[in-house]
Each structure stands twice: as structure tokens, then as C-alpha cells.
Protein chains: 2
Amino acid sequence: MATRTPRIYDVARSARVSIATVSRVANGTARVYERTEARVRRAMERLGYRPHALARGLATRRSHTLGLLITDILDPYFAEIVRGAQERAESAGYVVLLGDASVHTSAEDLLVKRLLERRVDGLIVASSRTTDAYAAQLASEDIPVVCINGPLGQFAHAVQIDHRKGARLAVEHLASLGHTRIAHITGAVGVPTRQERLAGYRAALKDLGLSYDPSLVIAGVTSIADSHDAVAGLLGLAAAPTAIFAFNDRWAIGAYAAVRDAGLRIPADVSVVGFDDLEMDEWVQPALTSVRQPRREMGRIAADVLLAVLAGESASELVVVEPSLVIRGSTGTRRAHADRH
Amino acid sequence: MATRTPRIYDVARSARVSIATVSRVANGTARVYERTEARVRRAMERLGYRPHALARGLATRRSHTLGLLITDILDPYFAEIVRGAQERAESAGYVVLLGDASVHTSAEDLLVKRLLERRVDGLIVASSRTTDAYAAQLASEDIPVVCINGPLGQFAHAVQIDHRKGARLAVEHLASLGHTRIAHITGAVGVPTRQERLAGYRAALKDLGLSYDPSLVIAGVTSIADSHDAVAGLLGLAAAPTAIFAFNDRWAIGAYAAVRDAGLRIPADVSVVGFDDLEMDEWVQPALTSVRQPRREMGRIAADVLLAVLAGESASELVVVEPSLVIRGSTGTRRAHADRH
DNA sequence: TGGCCGCTTGAAAGCGCTTACAGGATAGGC
DNA sequence: GCCTATCCTGTAAGCGCTTTCAAGCGGCCA
């Protein structure tokens, strides 16, 4: 006889107490005689009682659920943020509800609607598509929001890597190897971090006394294939770059293919630096030099901030994490005999 | 004055109807006068009403949530299954709750407990750690379960790729290139699909008239580094293999490194075939030949089966999907001048 | 032994929604 | 214009849990 899964009422009857007492034992919200508690625990054990999270959520007005908005779970960048957030959430008894923008044909706000209907207690927005206007709308909801690498603003908490510094690390590294013509493949237009990294790139060039050449900056790249094409174009230039700083590692991989197609070699002819430091960086040939972003840590911090706010504690409005440069085989000294051509 | 988010009661009052009528309009569960409906809709619009999913779930005993158990979201294999399941679930108004085994320090059954507390309506188990005993325990819960590439059994629905056939495709391809000493790096012990692929490997060898050499089969590999070490060992053998069939693409990448370390080349000295067909296969050098597994499709099918069961329709107990071989640059004809050594 | 105090415990009212069930409005037939 | 059949709508009882409030219990001191 498969008896239905037991309710709190069943436990109460079995332990000969009221449901209030069972609730108290289950949550430890009030003192209970040791004897009584033992009876209740035994009953819970015996029946295999599992509290009903929905009912609990309804009664407490807390779903113990965190919403996490991302652009694409297939992108390791986001996957690791998810991991970090889940780890922190889990340790606090929270669950993470994923909103993956690329799953939905419809707009992102429908996604948010889904999450809000689920009554998430707070929201982490890691999606790179987030616009200011959209984020502001989010903030008008009455739950705490924290953005990861999103637009800075007063409306929400933020966790950011220091993008300018990251870009600077890349450019300085390339310059130290003798490169003077350093191209930059930027992020897609509208990605909030794009401007920051570009600014860091320009600032570093300036500080190093290198000239800024707009023709070496490619905008509007949205895929590996895009990046491939863009780099192919750059290599065809009369004054082609000897080094490429890509907005992220995937764009860098696109650059790899273009360099190979052009019959050139990395790093002998062209050096490449990516951004993110994905697992695959170690396995591509040559291994990719990249600006490391502690993504998992960022996810964890975001969840941490959210949980703090939910607990009524004060939480920092802005957390900036430090990038670092991981030097691998894709960068080398510029060849002595000047640029090709 | 940030007024609280409106309840069904607020809508009802605003539209001068009862909450029952609002509910009927919101769900379309019963006829309502056109005039009344218009009033209600306007009120919902005006107030920005968003039904409370928890309350609804409590009343209907349906959470409209699917649980999805995976081993690691950072592994693209799982990530794509998640994507597929989410796509299908989303289109049916369901939400997917992820249970990532690698997030939890504790055992997997705690993970399941979390999901069950959340009252998921059904469960997809894609985790490769799933043992028969554990799965059986799952099945004793009163919700439908479907396993992806899990152990076959009577207790749950299953979605499987034809592993034997996949292994056969790999071996036949290598044999057709002249290879006779084909090694196999198997999956971790306990991974249910391991036996199937191994069986396919052996069957293919037999059918092709090739001898089976146990020293060419490596078991117990659980990481890329493991695979690297195992392959290093193989290459040191007096009668080293000229081709390697890896349990998955990540193991194949480990093999790449070992081959390079040994001063050998792919595919000139050693051919490599992986399993899964991940995105990175196209970007590693040389591009990896691999047995394609339609992971997203499998996730979608799993969700589909689950939804069918939940809808009270009959659903197939076992869905077998077809593998295919994607031939890239990592496999080539065996060199004429016999094996090295 | 009586009175008082500090505990633990139970009764009951919600949390926001769905859904029989019954009541009232509407329309149709005469 | 009256009666019945049909529909729409409202009332109220839950769904499983938390939490206030008051009652009950035992122990202590006088």
C-alpha cells in the first residue's frame, strides 16, 4: 500500500502532539521538552517525513529560492558563475532557480516574470545582455538584486571584476614582449563590460606611449566565427597587428583559426591574449594566455551579498575583484625582423 | 508608496468580482462573461498582478517544476542536457530545478531530498554516478522518473544513446584506416554506460577479426589528468597502440597531451577518437574525431517523456537515440612502416 | 497547602490560491 | 408574463505549514 507522503499532521498524530510542536521541532524555533522532541523525531523518522517547501514558503513568505539570470549555460563563463552561486546558496539551505536567456525565444523580461512568479527571494543578474533600462525595471521589484559584471548603478548591488585593470594587464604584457601594434577584438555592442575593457586597452596604450589605431579595434563581434572573420581582416591589413587582445577566450579561439588560415603561427608571428581563463585554455595548442576572472568566486560573492541582504545585514554595494594574467604559450616576443609585409 | 505586490484578492476587489472569478480568468478553467473577463483583465493589468506560484502549487498539488539531477554543470555534456530539458519544460510552462552533485559535499541522496522537498512533479536523472540501488530508491518515491544514459531497469523511463553502436562506429572507423592495435580508455568504474561502450568495442574487434588485448584497455579513469597518465603508459608499451578510442572527449584531450609529451604526432603516429562531440572538438588541434551524442535532444526527450506521464498520457519506457561519427583531423591511416619500436 | 511564576504545549488564524457546490441571473419556450 | 433549463458567479472549504496567544503544567516559596 503506497501510503501518500506524510504531512506534518501525520507526524503529529503519530507522536501524539500537536502540529505546532512538530513544526517547532522541525525548525528549532522554540524550546521543546527533550522527551517530546525525541518522540517527534522518531515519528518523523518512522514516517519519512519531508516538510513541504511550498507550504512552508507560503506561510513564511520566503521561498528560500534565489533567481539567477544568465545568458547561456553552455558558455563556461556562466556555468562557473552558476556553480559558485549554487555552492553558497546550498550552504545556506537555499536553492537556485536558473533563468537562461537563450532558452527562451521571448524577451528576457518574460524570464524574470517566471522567476518572480516563483517568488524568488532575491535575484542575481549575470546576463551580459542586461541594459540599464532593463536593470532599473528589475530594481523596481521589491526584492534585492545583485548584478555580476553588469552596468554600475545605484539600483542594485554589484560584483565586478576590474575590467580596466584586466585589459591593462594584457596590453602591458604584450608591450613588454615588444609588440607595438596590438589589436583588440571587443565584445558585442551593448555588453556592459565592453566599454570598460576598451577603456583599459586605450589607457594602457597611452601610458605605454603607444599610439591608438582605430583600425585595430574591431567591434560588434558576437561569435567565434565572427571573431575569425574579423581577425582574418586584420591580418590582411597593410600594417597588420603582431598581437591580438580578445574580449574573451572564445573570440581568441576564433583568432587562432584565422591565424592558422593565414599560414601564420602563434606565437611566432602573432601573439594572442584572451579574457576569462577557461578550462580549455590549457588544452588548445598553443595554450592560451588569458586574463583570469575568478568566476566561481564572483558567483559565490553575489550569492553571499544577496543572502546578507535577506538576513537583514548590511552588505557592500559594490565588490570589485582582481583580475590576474595567466601567461601560457600563445604570447611571445615580437620577431626581430619587423612586421611582416 | 511602494504598495505590496498585489494578491488575487486585490484584483478581485478592483474588478468588483470574487477571487474565484479572477482565478477562472487567470487560468481559463471556466467560462466567464466577456464583459466580466475584460474587467478582470484590466484590473490585473493595472495592478501588475502576478499569480503566486507557491500558493497555486499548494492548492493544485502541482509545483510545475521538474527536477534535473546532474553530475557537473561545468561539464558541457551535462550543460547541454540541461539546455534541452529547459527548452522543453519552458514551452510547457514548467521550470527546471537543478541538482548538481558536485556542488554538494554530501551524498547525492541529500540532493534528491532537496528536490523532493521542493515538490518537483518529476525527476530527470542524468547523473553518471547513479547506481542501480540508488535509482531503485528514487523510483520508490511517488513521482515519475526518467534516466538519461543511466542503468536500464524496470523502475524508470529511460533515454539512451546506443552506446554499443557508438563504440562500434569508432572502432570500425579506426580499423578501416588500417589500425589493428586500438586502445580503449574506459569511463570511471560505476558509470553505467561504461560497460556498454566497452562491450561495443569488444564486439566490433571480434567482428573485424581483430584480437582483443586486455593490456590496451584502461579502466578507472576519472579525469583529464588520469587519462593523460594512462595514455603515457600505453605509449611506453613494447607493443604500443596506434589508435586510441576514448570514453569521452575530455579523456581524448588528456590523450592529446600524452601523445605530444611522448614526442609523437596526431594523427601521423597515433589516431584518437573521442565520444560526445563537444564544441571544443572543432577548436583543438588537430580537430577531434568523435562519436556524436545528441545531448540536447536527449534532454528534450527526457523532459518530453516526463511531461507526457504527468499529463496522464502513455509514454515510451525506453527511447534509444542514434549515435553518429564525426570525422575530423585526429584520425588518419596507420603509417606503412609498421608500429614504432 | 495555596499562590505565583516560568515553562512547554495546543488551538486557531492565516499565507494566496483552486475548486466543488449552490445560488442567482439569463434566456428560452409556452 | 411565468416556469424551467442553462450559465455565470460567489461562498467556503481546503492545500500544508508557521506563529500568535492563551491555557496548562509543574515547581517553588511562603
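In the text below, chain A, chain B and the rest are named by the order of the sequence lines, each starting its count at 1. The basis for the numbers below is simple: all heavy atoms, side chains too, and nothing from hydrogens, waters or symmetry mates.
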For nucleotides 21-28 of chain D, which of its nitrogen or oxygen atoms have a protein nitrogen or oxygen under 3.5 Å away, and what is each distance?
none

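- A salt bridge is absent between R56(B) and E117(A); no separation between the charged side-chain nitrogens and carboxylate oxygens falls under 4.0 Å.
- The ring pair (Phe, Tyr, Trp, His ring centres under 6.0 Å) pairs that include a residue from residues 25-57 of chain A number zero, where partners must be two or more places apart or lie in different chains.
- For residues 77-89 of chain B, the pairs satisfying salt bridge (charged side-chain N to carboxylate O under 4.0 Å, His left out) are D72(A)-R83(B), D100(A)-R83(B), E80(B)-R295(B), E80(B)-R296(B), E87(B)-R296(B), E87(B)-R300(B), R88(B)-D304(B), with sequence neighbours left out.
- Distance check, rounded to the nearest 0.5 Å: CG of L74(A) to CD1 of I73(B) gives 8.5 Å.
- Annotation: side chain of R119(B) is not in contact with side chain of T65(B) (no heavy-atom distance under 4.5 Å).
- For DNA chain D, the neighbouring residues in residues 7-19 of chain A, judged by any heavy atom under 4.0 Å, are R7(A), I8(A), I19(A).
- Residues meeting the side-chain hydrogen bond (donor to acceptor under 3.5 Å, both in side chains) test with R46(A), sequence neighbours left out: S14(A).
- Under the salt bridge (Lys or Arg N to Asp or Glu O under 4.0 Å) criterion, R194(B) pairs with no residue at all, not counting sequence neighbours.
- Checking D121(A) against S63(A) by side-chain atom types alone, a donor-acceptor pair falls below 3.5 Å.
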For this session: For the pair I143(A) and L123(A), evaluate side chain to side chain contact (heavy atoms under 4.5 Å, CB included) and give the outcome as yes or no after the intermediate values.
Result: CA-CA 7 Å; I143(A) 57 171; L123(A) 201 53; 4.1 Å; yes

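- Taking Y94(A) as the reference, H64(A) meet the ring pair (Phe, Tyr, Trp, His ring centres under 6.0 Å) condition, with sequence neighbours excluded.
- Looking only at side-chain heavy atoms (C-beta outward), L66(B) and L310(B) come within less than 4.5 Å of each other.
- Across residues 45-67 of chain A, Y49(A), P51(A), H52(A), A55(A), R56(A), A59(A), T60(A) each have a non-hydrogen atom less than 4.0 Å from an atom of DNA chain D (numbered order).
- Here S23(B) lies in heavy-atom contact (under 4.0 Å) with a base.
- With contacts defined as side-chain heavy-atom distances shorter than 4.5 Å, the pair N149(A)/V159(A) does not qualify.
- Summary of helix geometry: the two end axes of the helix from dT1(C)-dA30(D) to dA22(C)-dT9(D), each defined by five base pairs via their C1' atoms, are inclined to each other by 50° (rounded to 10°).
- Among residues two or more places apart in sequence or in another chain, the salt bridge (Lys or Arg N to Asp or Glu O under 4.0 Å) test is passed with R13(A) by D10(A).
- D75(B) places a side-chain N or O within 3.5 Å of a backbone atom of Y77(B) that can act as its donor or acceptor partner.
- Of all nucleotides in DNA chain C having an atom under 4.0 Å from a heavy atom of chain B, the first and last in 5' to 3' order are dG16(C) to dT26(C).
- Not counting sequence neighbours, the partners of R41(A) by the salt bridge (Lys or Arg N to Asp or Glu O under 4.0 Å) test are E37(A).
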